[in-house]
Amino acid sequence: MITAGGVAVRFGRREVLSGIDLAVCPGTVTGIVGPNGSGKSTLLRAMLGAVPVSAGRVLLDGRDLRRVPRRSIAQRVAFVGQNVGGDPALRVADEVALAGIARGRGGASFDLDVAQALDAVGLGDRAQSALGTLSGGERQRVSIARAIAQNAEIVLLDEPTNHLDVRHRLELAAMLRDIAPTVVIVLHDLDLAAHVCDHVVVLNEGRVAAAGSADEVLVPAVLDEVYGVEVVTTQGEGGVRSLTFRLPADVVDEFMGKKEL
Ligand SMILES: Nc1ncnc2c1ncn2[C@@H]1O[C@H](COP(=O)(O)OP(=O)(O)OP(=O)(O)O)[C@@H](O)[C@H]1O
């Protein structure tokens with residue numbers, strides 16, 4: 001279990017996270033949403049111990065992350081970042097295997113895990129391709145396969161859907177609970193967050209604006225304020241709720257006025 005208590009993060013003189021309290025319960029999917037620059041990626045990195053906290057504490061099963069050896073964090077927590085890197089000359093299967101090998105895994109059973117992870121993201125037939133020959137969305141799926149092959153207890157995913165088409169986005173949503181027992185996911189797609197998350201944390205300007213179930217927090221009273229838009233919730237077929245957004249009329253007028261200049 002990861003918990004954060006009163007966490008603050010500073011970059012130079014600027015505090016980008018303040019007073020963050022959070023509990024990621026085992027067996028749940030926690031979503032982190034919020035506007036650009038609200039601190040979502042920074043919070044995810046703080047939960048991995050990759051960003052030093054300037055106040056408060058992040059605990060992994062009750063132990064201050066600063067006292068947990070890096071190797072032991074890496075064995076238990078996998079991270080899928082926004083930027084899909086990797087050596088373009090490396091074969092896809094080797095890229096997926098790398099994180100596991102660094103954690104002492106290997107052999108035939110691990111080769112099978114790598115193959116199964118690539119199958120799970122629909123890239124089984126690209127195992128021998130060079131990374132550099134893959135599209136942005138395919139590379140993003142390689143990163144997800146790497147997290148699956150790691151077999152970590154907790155996976156932290158930073159906007160894993162930003163390169164994915166609608167089909168692969170839905171596939172990721174469907175397989176999310178198979179990636180790891182506990183998942184923390186940063187998302188911009190609020191409908192997707194409502195669909196996949198047990199618990200949603202809304203960040204605004206480095207603070208928790210709201211936290212709770214999607215039904216409790218992904219509501220106009222919270223989102224209008226945080227995003228500065230007008231939100232309408234509609235109840236679709238089978239009770240599925242969806243969100244529609246529009247700019248407030250005065251903002252639209254302002255843009256129209258600028259266009260006429
Ligand atoms: N290494 C850094 N040095 C200085 N400032 C940073 C650094 N990393 C992030 N920031 C700043 O911290 C703030 C929060 O950034 P962060 O990437 O956590 O936001 P985010 O909510 O993930 O944004 P986005 O939705 O645009 O990805 C931003 O204003 C950003 O410029």
Side-chain angles (χ1 to χ4, degrees), residues 2-24 29-58 60 65-66 70 73 77-86 136-137 139-141 143-144 147 154-165 168-169 172-173 176 179 183-197 199-212 214 217-219 222-229 231 243 245 247 251:
I2 297 181
T3 50
V7 162
V9 171
R10 278 180 176 281
F11 290 119
R13 293 176 60 186
R14 202 166 146 237
E15 191 163 86
V16 300
L17 288 179
S18 316
I20 304 284
D21 296 323
L22 181 78
V24 174
V29 176
T30 299
I32 302 176
V33 303
N36 290 138
S38 55
K40 303 179 296 295
S41 299
T42 305
L43 177 57
L44 213 59
R45 290 180 174 279
M47 289 164 76
L48 190 69
V51 163
V53 300
S54 52
R57 294 191 305 168
V58 179
L60 179 60
L65 215 50
R66 287 171 288 205
R70 290 235 49 93
I73 298 173
V77 187
F79 180 78
V80 178
Q82 262 188 59
N83 300 318
V84 186
R139 276 174 169 238
Q140 197 150 34
R141 281 148 59 203
S143 301
I144 294 160
I154 304 171
V155 171
L156 310 179
L157 300 130
D158 195 355
E159 289 180 45
T161 59
N162 61 357
H163 287 288
L164 300 188
D165 64 48
H168 287 107
R169 208 171 268 230
L172 176 67
L176 208 53
I179 295 179
V183 173
V184 183
I185 182 167
V186 169
L187 285 170
H188 276 302
D189 183 334
L190 301 180
D191 276 324
L192 193 64
H195 182 58
V196 299
C197 299
H199 186 76
V200 179
V201 177
V202 184
L203 285 188
N204 192 23
E205 296 179 354
R207 294 182 177 273
V208 176
V217 303
L218 297 179
V219 293
V222 173
L223 301 176
D224 284 12
E225 173 81 17
V226 167
Y227 288 93
V229 295
V231 183
L243 301 163
F245 306 93
L247 283 172
V251 177

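As the structure is a prediction and not an experimental result, all values here were calculated from the model. Order of listing sets the numbers, starting from 1, for every ligand and every atom in it.
Of all atoms in ligand 1, numbered sequentially from 1 with element shown, those under 4.0 Å from a heavy atom of Lys40 are 18 (O), 19 (O), 20 (P), 21 (O), 22 (O), 23 (O), 24 (P), 25 (O). Proximity to Glu159 (heavy-atom distance under 4.0 Å) selects the following atoms of ligand 1: 25 (O), 27 (O). Close contacts of ligand 1 with His188, meaning ligand atoms under 4.0 Å from a residue heavy atom, involve 25 (O). In summary, the atoms of ligand 1 found under 4.0 Å from a heavy atom of Ser38, numbered by their order in the structure, are 19 (O), 21 (O). Taking a cut-off of under 4.0 Å to the non-hydrogen atoms of Pro35, the atoms of ligand 1 that pass are 21 (O).
Between Ala46 and Val53, the closest heavy-atom pair is CB-CG1, 4.3 Å. When every heavy atom of Ala194 is checked against every heavy atom of Ala214, the shortest pair comes out as CA-CB, 3.7 Å. Contact detail for Ala193 and Val33: the closest heavy-atom pair is CB-CG1, 4.0 Å. In terms of heavy atoms, Lys40 sits closest to Gly34 at NZ-O, 3.0 Å. Val217 and Val222 get closest at one heavy-atom pair: O-CB, 3.4 Å. The shortest non-hydrogen separation linking Leu65 to Leu60 is CD1-CB, 3.7 Å.
With respect to atom 26 (O) of ligand 1, the closest heavy atom belonging to the protein is Asn36 ND2, 3.0 Å. Ranking protein heavy atoms by distance to atom 29 (O) of ligand 1, first place goes to Arg14 NH2, 2.9 Å. Looking only at heavy atoms of the protein, atom 8 (N) of ligand 1 is closest to Phe11 CE1, 3.4 Å. Protein heavy atom in closest approach to atom 17 (O) of ligand 1: Ser41 CB, 3.7 Å. Among all protein heavy atoms, the one lying closest to atom 15 (O) of ligand 1 is Thr42 OG1, 3.7 Å.
Of the possible polar contacts, one joining the Asp191 side chain to the Leu243 backbone as a donor-acceptor pair under 3.5 Å is found.
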Subject >> Derivation and outcome, salt bridge (Lys or Arg N to Asp or Glu O under 4.0 Å), residues Arg169 and Asp189 >> reply: CA-CA 10 Å; Arg169 208 171 268 230; Asp189 183 334; 3.5 Å; yes
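Residue Gly37 places at least one N or O, backbone or side chain, under 3.5 Å from an N or O of ligand 1. Considering backbone and side-chain N/O of Val16, none are found under 3.5 Å from N/O of ligand 1.
Assignment of Gly34 to the shell around ligand 1 is not supported, since no heavy atom sits closer than 4.0 Å.
At most 12 non-hydrogen atoms from other residues, nucleotides or ligands lie less than 6.0 angstrom from CZ of Arg45.
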